[in-house]
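Worksheet for the structure shown next.
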Number of protein chains: 2
Amino acid sequence: MIKLKDIATACGVSVSTVSKALSDSDEISSEKKKEIIEKANELGYIANASARSLKTKRSQNLGLIFVDNTNSGLGHEYFSVILNSIKQEAENSGYDLTFISNKIDFSKKSYLNHAKYRGCDGVVIVSADFHDPNIIELVESDMPTVTIDYEYNNRTSIISDNRKGLEEIVRYLYEMGHRKIAFIHGEDTDVTRQRLASFYKTCEELKIVVPNEYIKSAEYHIPEYSFYATKELLDLPNPPTCIIYPDDYSYMGGLEEIENRDLKIPDDISVVGYDGIYLSRILRPMLTTYVQDGINLGKMASIKLIEMIENPKSYISERIMVTGYLQKGNTVKKL
Amino acid sequence: MIKLKDIATACGVSVSTVSKALSDSDEISSEKKKEIIEKANELGYIANASARSLKTKRSQNLGLIFVDNTNSGLGHEYFSVILNSIKQEAENSGYDLTFISNKIDFSKKSYLNHAKYRGCDGVVIVSADFHDPNIIELVESDMPTVTIDYEYNNRTSIISDNRKGLEEIVRYLYEMGHRKIAFIHGEDTDVTRQRLASFYKTCEELKIVVPNEYIKSAEYHIPEYSFYATKELLDLPNPPTCIIYPDDYSYMGGLEEIENRDLKIPDDISVVGYDGIYLSRILRPMLTTYVQDGINLGKMASIKLIEMIENPKSYISERIMVTGYLQKGNTVKKL
DNA sequence: TTGTAGGCGTTATCAC
DNA sequence: GTGATAACGCCTACAA
């Protein structure tokens with residue numbers, strides 16, 4: 001591998017001159033710069049990130065935490081969209097992305113240690129158990145971090161606006177004449193709590209009565225749970241006119257039970273999903289769902305993290321809400 | 001940050017002794033080792049990967065190339081499963097994963113340069129334009145690489161067995177009594193060519209006649225193309241009894257047209273997908289499809305790459321076929 | 001405008 | 001069994 005010294009020798013100048021020339025320092029005359037840069041290209045010089053970061057304490061590398069909790073992890077389109085967007089935006093700013101695990105070996109027994117070991121300038125936490133002490137340790141350290149869909153005190157977070165999501169859904173259903181609205185929610189997480197609270201609050205504002213039997217608990221991204229929940233809802237003596245599912249995928253479970261009973265969507269029962277994955281658009285009838293803006297979430301995460309890294313003094317942590325929008329498909333009937 | 005020197009001072013030994021003790025060298029007495037390790041833990045020592053790799057020329061870090069060609073990229077479940085599996089296996093062997101782009105800046109104008117810049121020990125090429133000169137340069141360099149679903153001369157590749165996939169599908173359809181089989185294939189790639197060749201070959205072996213009108217071209221993962229292809233096939237004076245789709249997602253496009261015509265699957269028309277994504281299992285009727293073993297593909301990619309890195313002399317490049325299996329759903333009618 | 005020298009944290013060689 | 005020392009490639013005062 002060609003190094004600065006080789007270029008220096010070839011050009012008959014010193015190493016530091018080469019270093020300065022390549023970093024476009026204006027201490028170096030433009031002719032010399034040109035000559036050196038040409039020679040560097042000719043020799044196929046490639047900098048050595050390790051040496052550079054050893055010296056500068058900066059790596060231009062971001063850590064990425066992506067814990068596959070639900071076993072759907074990366075397979076969940078919401079997250080893969082976010083990840084892709086983080087990657088794109090980071091690359092645009094000259095940062096690379098390295099996955100950070102908490103694999104146990106001498107120097108990487110925690111996320112924080114792992115990130116430090118790799119010299120990450122900051123870490124994006126996309127999906128993780130936010131109550132894991134390891135994650136908390138990381139977030140509370142002096143390592144710049146950004147979390148997605150979870151908020152810590154005094155830390156920057158990028159949040160998909162779950163309250164607004166449920167509010168919009170409920171208000172739309174209200175407009176469409178629905179008063180008997182069931183909500184199948186995901187497992188108990190902060191996201192779920194926000195959605196649930198917003199659901200109740202909006203119903204209350206609209207004077208919609210929500211019987212306890214209309215609230216069912218399922219798990220995100222596992223259609224089977226929603227299948228059973230749907231069954232229970234449809235068996236009710238006074239069944240709902242519309243069911244809100246935890247996510248678009250889970251709706252597929254509900255759909256099965258609805259078809260089992262030869263009910264037609266939306267004529268016999270209306271349904272609403274959440275996420276707005278690709279599938280929701282290609283299903284027929286097209287699914288009415290709240291589209292989360294994964295691209296923007298990922299983009300903001302990168303932007304804010306890099307901002308924090310590059311202006312450590314002046315940066316003030318913030319909570320950024322990313323709103324989505326209601327995709328009005330054809331699964332809600334006008335009553 | 002605590003460094004070796006701090007531990008050395010604290011223990012009253014030299015830096016090199018600490019270094020050796022922490023790497024469990026048997027030059028050091030076990031008491032001293034124990035003492036040093038304890039002190040290191042106590043002080044919260046974390047090694048510095050940059051310094052280490054500067055010295056050792058090894059980074060324990062793998063590059064990952066994942067080009068979002070089709071704009072579905074990471075959103076394509078097949079790839080996200082592979083990626084996740086690569087990650088898992090790499091972590092198990094103590095390697096990290098860094099995304100490698102070909103963003104243009106002074107020292108990273110190509111994939112190869114980027115990988116060298118980051119000191120990657122090797123690179124997994126998951127999804128990319130395999131005819132891109134940049135990719136070819138990388139593969140032909142002395143950087144260890146593994147490609148997925150594409151084979152270069154004398155390079156290790158992990159291949160999902162597309163020939164076997166189509167052969168199994170066609171033979172199954174034959175058993176089920178089908179003789180009029182249409183095949184909607186994806187855009188012209190090596191994968192597509194293999195599938196197509198295998199389709200023709202198997203039909204020939206079984207003496208199934210394939211009229212040209214039964215072969216339609218679409219694009220992977222874009223249901224709309226398959227929607228139109230399906231329309232054309234069903235409009236044929238002598239339509240097929242079964243349609244093979246480019247992938248499970250594309251089938252959704254076909255499904256729409258089939259439902260538009262009030263045809264029932266499988267009674268009026270049989271269908272087969274490809275990939276075996278989660279969706280295929282939750283659809284009703286459950287989709288008959290060829291399940292690609294993404295987990296194994298990813299796992300083998302990591303294993304082989306690491307093998308190559310750790311035994312550069314003795315390693316012989318190989319082509320590893322990963323077979324899947326036919327998921328017999330309920331979308332093919334027995335004729 | 002250019003060059004010299006020191007050091008970032010680690011490992012490896014060699015001497016003791 | 002332990003320690004001194006050099007070197008990995010780069011950057012940056014500071015000197016010239």
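Quick note on labels: first sequence line is chain A, next is B, and so on, each numbered from 1. Just so you know, these numbers come straight off a predicted model, no measurement behind them.
Here B:E35 does not pair with B:K32 in a salt bridge; the nearest charged N to carboxylate O distance is not below 4.0 Å. By the 4.0 Å N-to-carboxylate-O rule, B:E307 lies close enough to B:K304 to be salt-bridged with it. The pair B:E31-B:K34 does not meet the salt-bridge criterion, since no charged nitrogen lies less than 4.0 angstrom from a carboxylate oxygen.
In this entry the distance linking CG of B:D24 with P of D:dG1 reads 13 Å, nearest Å. Taking atom NZ of B:K33 as the reference point, atom P of D:dG1 lies 10 Å away to the nearest angstrom. With rounding to whole Å, A:D6 atom CG is found 13 Å from D:dC8 atom C1'. For the pair A:I36 CD1 and C:dG3 C1', the computed distance is 12 Å after rounding to whole Å. Taking atom CD of A:E27 as the reference point, atom P of C:dT4 lies 15 Å away to the nearest angstrom. Summarising the geometry, the separation between CG on A:L22 and P on D:dC10 is reported as 9 Å, rounded to the nearest angstrom. Rounded to an integer number of Å, the gap from CG of A:L54 to P of D:dA7 is 17 Å.
Checking the phosphate oxygens (OP1, OP2) of D:dC10, no side-chain nitrogen or oxygen of A:K3 falls inside 4.0 Å. Between A:T17 and C:dT2 there is no side-chain N or O to OP1 or OP2 distance below 4.0 Å. Remark: A:S19 is in phosphate contact with D:dC11, judged by side-chain N or O atoms under 4.0 Å from OP1 or OP2. Residue B:K57 places at least one side-chain N or O closer than 4.0 Å to OP1 or OP2 of D:dG9. Contact between the side-chain N/O atoms of B:K32 and the OP1/OP2 oxygens of D:dT2 is found at a separation under 4.0 Å. Using a 4.0 Å cut-off, no side-chain N or O of B:R52 falls inside it from OP1 or OP2 of C:dG9. Under 4.0 angstrom from either OP1 or OP2 of D:dC10 there lies no side-chain N or O belonging to B:Y117. In terms of phosphate contacts, B:S29 brings a side-chain nitrogen or oxygen within less than 4.0 Å of OP1 or OP2 of D:dT2.
As judged by a 4.0 angstrom heavy-atom cut-off over every strand, B:L4 is placed among the base-contacting residues.
With DNA chain D read from its 5' end, the first of the two nearest nucleotides for A:T56 and B:I28 is the one closest to B:I28. Nearer the 5' end of DNA chain C, as judged by each residue's closest nucleotide, is the contact made by B:N48, out of B:N48 and B:K20. Take the nearest nucleotide of DNA chain D for A:K5 and for B:G12: the residue whose nucleotide is more 5' is B:G12.
Contacts of A:E137 classified as side-chain hydrogen bond (donor to acceptor under 3.5 Å, both in side chains), with partners at least two apart in sequence or in another chain: A:S110.
Judged by distance alone, with hydrogens and angles left aside, B:K55 brings a side-chain donor or acceptor within reach of the base of D:dA7, the pair sitting under 3.5 Å. With hydrogens and angles left out, the side chain of B:S16 and the base of D:dA4 share a donor-acceptor pair within 3.5 Å.
Ring planes of B:F79 and B:F66: perpendicular class, angle over 60° (limits at 30 and 60°).
Between B:L43 and B:A10, the shortest heavy-atom distance links the atoms CD1-CB, 4.3 Å.
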